[in-house]
Amino acid sequence: YPHQVVRGGITTRRAFDVQERRVPPGAAVCPFHAHLAQWELFLVRAGEGVVRVGGEKVPVRVGDVWIHPPGEAHQLINSGSSDLHVLIVADHPPLDAFHYPDSNKWGLRPPGGFFHLTPADYFDGEDPRESPGSPAALVIPPPETAFSTRFRSVDSIPWDTWESPRKKFRGTSRELSIALGAARNTPTGLGGHPFDLEWGRLAPGECGCPFHSHSAQWECYLFLEGQGRVRTESGLLDVKAGDLVLHPPGEAHQFTAAADRELVYLLIADNPPIDTWHYPDSNKWGFRAPRKIFRLTEADYWDGEE
């Protein structure tokens, strides 16, 4: 468990990448580019900049959050006089291609590397007796939605407060991914995003969730303010602002704010199409779709079949 807690760094490759960039004045996070498969989300934590997206240049400042789906060419530039601090979240598609419109370069992952393409017909060189037709233009299809529908100020997103029937578990959150157009608990391709981002806070002493594990989902917590305690099957761990905690599938976890101060955090979770949950304290299980909570009664494989 300790290797999944990071103070001032990033863990190894997981279900998604989380990184914080510091960009000097006048510099850009990256060249102007579009991905064939990868999604990228940005959250400005300090400074100001300009997002170049399509033919637009959109000013951004502290608290702005947005997401680029596959096909949307984009670039973030520091337009201020101090460093731009930005949190970037990206998923891990097994195959991806990238296009750089300014230089008309391409890249592939795998195998990796960058190159210029010469358009060719599908049968070009395969059968010398055939005369190939005109090759199609090489483009990455743009997203169907406008960038403005996927750009929000965090302050404009309302807080949602929830609590359990006896108030043992409670909290307040801003559902950033939902505000950016993601369908709740829906896989990518059906209206969901490949990862979900939530801005949450717990009042002093509040516990954010029952002790639970996921069979497929990864959860990453970046603690922004205050102090608290994370519980896992390996024990208890004190956390504070700036700590990053990653829970892989199968690791039961729970977190609670310190008794004397509020705990503010960002939760980043991937969005697996199928997931189940286990609650060790109550020996319950759950399905996400269809949403069911239950206890198991052991049965033989052939029970009820014949």
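A salt bridge links Glu20 with Arg45; the closest basic N to acidic carboxylate O contact falls under 4.0 Å. In this structure, Arg22 does not pair ionically with Asp83, as no charged nitrogen and carboxylate oxygen lie closer than 4.0 Å.
Side-chain contact between Val60 and Val50 is absent, with no heavy-atom pair separated by less than 4.5 Å. Annotation: side chain of Cys220 is in contact with side chain of Leu244 (closest heavy-atom distance under 4.5 Å). Side-chain contact check for Leu180 versus Leu41: some heavy-atom pair is nearer than 4.5 Å. Proximity of Leu266 to Leu43: side-chain heavy atoms (C-beta onward) are separated by under 4.5 Å at one or more points. At a threshold of 4.5 Å between non-hydrogen side-chain atoms, the residues Lys240 and Glu225 do not count as touching. Side-chain contact between Leu76 and Val86 is present, with at least one heavy-atom pair separated by less than 4.5 Å. Counting only heavy atoms from C-beta outward, the side chains of Arg170 and Thr161 never approach each other to under 4.5 Å. Glu262 is not listed as a side-chain neighbour of Leu202, based on a closest heavy-atom distance of 4.5 Å or more.
Under the 6.0 Å cut-off for aromatic ring centres, Tyr221 and Phe255 qualify, their centroids lying closer than that. The aromatic ring centroids of Trp277 and His212 lie 6.0 Å or more from each other. The distance between the ring centers of Trp39 and His193 falls below 6.0 angstrom. Residues Phe42 and Trp66 place their aromatic rings such that the two centres sit under 6.0 Å apart.
With hydrogens and angles disregarded, a donor-acceptor distance shorter than 3.5 Å links the side chain of Asn271 to the backbone of Thr186. Using a distance-only test at 3.5 Å, with no hydrogens or angles considered, no donor-acceptor pair links the side chain of Gln38 to the main chain of Asp96. Using modelled atom types, one side-chain atom of Arg150 and one backbone atom of Ile67 make a donor-acceptor pair closer than 3.5 Å. When atom types are taken as modelled, the side chain of Ser177 and the backbone of Leu197 share a donor-acceptor pair closer than 3.5 angstrom. Under a 3.5 Å cut-off, the side chain of Asp196 and the backbone N or O of Ala269 do not form any donor-acceptor pair. Within the 3.5 Å criterion, the main-chain N or O of Pro24 finds a donor-acceptor partner in the side chain of Asn78. Side-chain atoms of Thr172 never come within 3.5 Å of backbone atoms of Trp159 as a donor-acceptor pair (strictly under, hydrogens ignored). Between the side chain of Arg295 and the backbone N or O of Ser282 there is at least one donor-acceptor pair closer than 3.5 Å. A side-chain donor-acceptor contact under 3.5 Å links Arg21 to the backbone of Val29. Not a single donor-acceptor pair under 3.5 Å links the side chain of Arg52 to the backbone N or O of Glu56.
A cation-pi arrangement is present between Lys284 and Tyr279 under the rule of less than 6.0 angstrom and at most 45 degrees off the ring axis. Within the cation-pi definition used here (under 6.0 Å to the ring centroid, within 45° of the axis), Arg231 qualifies as a partner of Phe211.
Across Pro25 and Gly80, no two heavy atoms sit closer than the pair CB-O, 3.3 Å. The heavy-atom pair separating Glu40 from Ala90 by the smallest distance is CG-CB, 4.1 Å. Residues Pro280 and Glu233 share a closest heavy-atom pair of CG-OE2, 4.4 Å. Leu36 and Pro70 get closest at one heavy-atom pair: O-CB, 3.3 Å. Here the closest heavy-atom approach between residue Ser215 and residue Pro249 is recorded as O-CB, 3.4 Å. In terms of heavy atoms, Leu246 sits closest to Glu251 at O-OE1, 3.8 Å.
Cluster annotation: Val65 is not connected to Val58 through the hydrophobic network of ILVMFWY side chains, with a link wherever side-chain heavy atoms come within less than 4.5 Å. Ile178 and Val154 fall into different hydrophobic clusters, defined by Ile, Leu, Val, Met, Phe, Trp and Tyr side-chain heavy atoms under 4.5 Å apart, directly or through other members.
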Checking salt bridge (charged side-chain N to carboxylate O under 4.0 Å, His left out) for the pair Glu163/Lys168: CA distance, chi angles, key distance, verdict? CA-CA 8 Å; Glu163 60 185 17; Lys168 178 178 180 179; over 6 Å; no
Kindly indicate, with the supporting measurements, whether the criterion side chain to side chain contact (heavy atoms under 4.5 Å, CB included) is fulfilled by Val53 and His68. CA-CA 9 Å; Val53 53; His68 298 293; 4.3 Å; yes
Audit row: His92, Asp270, side chain to side chain donor-acceptor pair (under 3.5 Å) steps and yes/no: CA-CA 10 Å; His92 277 316; Asp270 66 330; over 6 Å; no
Set out, in order, the CA-CA distance, both residues' side-chain angles and the distance that settles side chain to side chain contact (heavy atoms under 4.5 Å, CB included) for Trp199 and Leu224, then state yes or no. CA-CA 10 Å; Trp199 189 303; Leu224 304 176; 3.8 Å; yes
Could you go through Leu95 and Leu108, starting from their C-alpha distance and side-chain angles, then the distance that decides it, and tell me whether this counts as side chain to side chain contact (heavy atoms under 4.5 Å, CB included)? CA-CA 8 Å; Leu95 299 172; Leu108 288 178; over 6 Å; no
Asp17 and Val89: CA distance, side-chain angles, deciding distance, side chain to side chain contact (heavy atoms under 4.5 Å, CB included) verdict: CA-CA 6 Å; Asp17 280 337; Val89 184; over 6 Å; no
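Within the model, atoms CD of Glu48 and CZ of Arg61 stand 10.0 Å from one another, a figure rounded to the nearest 0.5 Å. With values rounded to the nearest 0.5 angstrom, Gln227 atom CD is found 7.5 Å from Asp238 atom CG. Considering CD1 of Ile77 and CG of Leu84, their distance stands at 10.5 Å, rounded to 0.5 Å. The distance from the OG atom of Ser156 to the CZ atom of Phe151 is 9.0 Å, given to the nearest 0.5 Å. Atoms CZ and NE2, from Arg288 and His214 in turn, are 9.0 Å apart once rounded to the nearest 0.5 Å. One finds the CD atom of Gln19 at 4.5 Å from the CD1 atom of Ile88 (value rounded to the nearest 0.5 Å).
With no hydrogens or angles considered, no side-chain donor-acceptor pair links Arg229 and Gln254 at under 3.5 Å. Residues Ser173 and Asp160 bring no donor and acceptor atom of their side chains to less than 3.5 Å of each other.
At most 12 heavy atoms of other shown residues, nucleotides or ligands fall within 6.0 angstrom of atom CH2 in Trp302. The environment of CD1 in Ile274 is sparse: at most 12 heavy-atom neighbours from other residues, nucleotides or ligands sit within 6.0 Å.
Aromatic ring orientation, Phe98 versus Phe114: tilted (interplanar angle from 30° to 60°). Between His74 and His33, the ring planes are tilted. Angles from 30° to 60° get that label.
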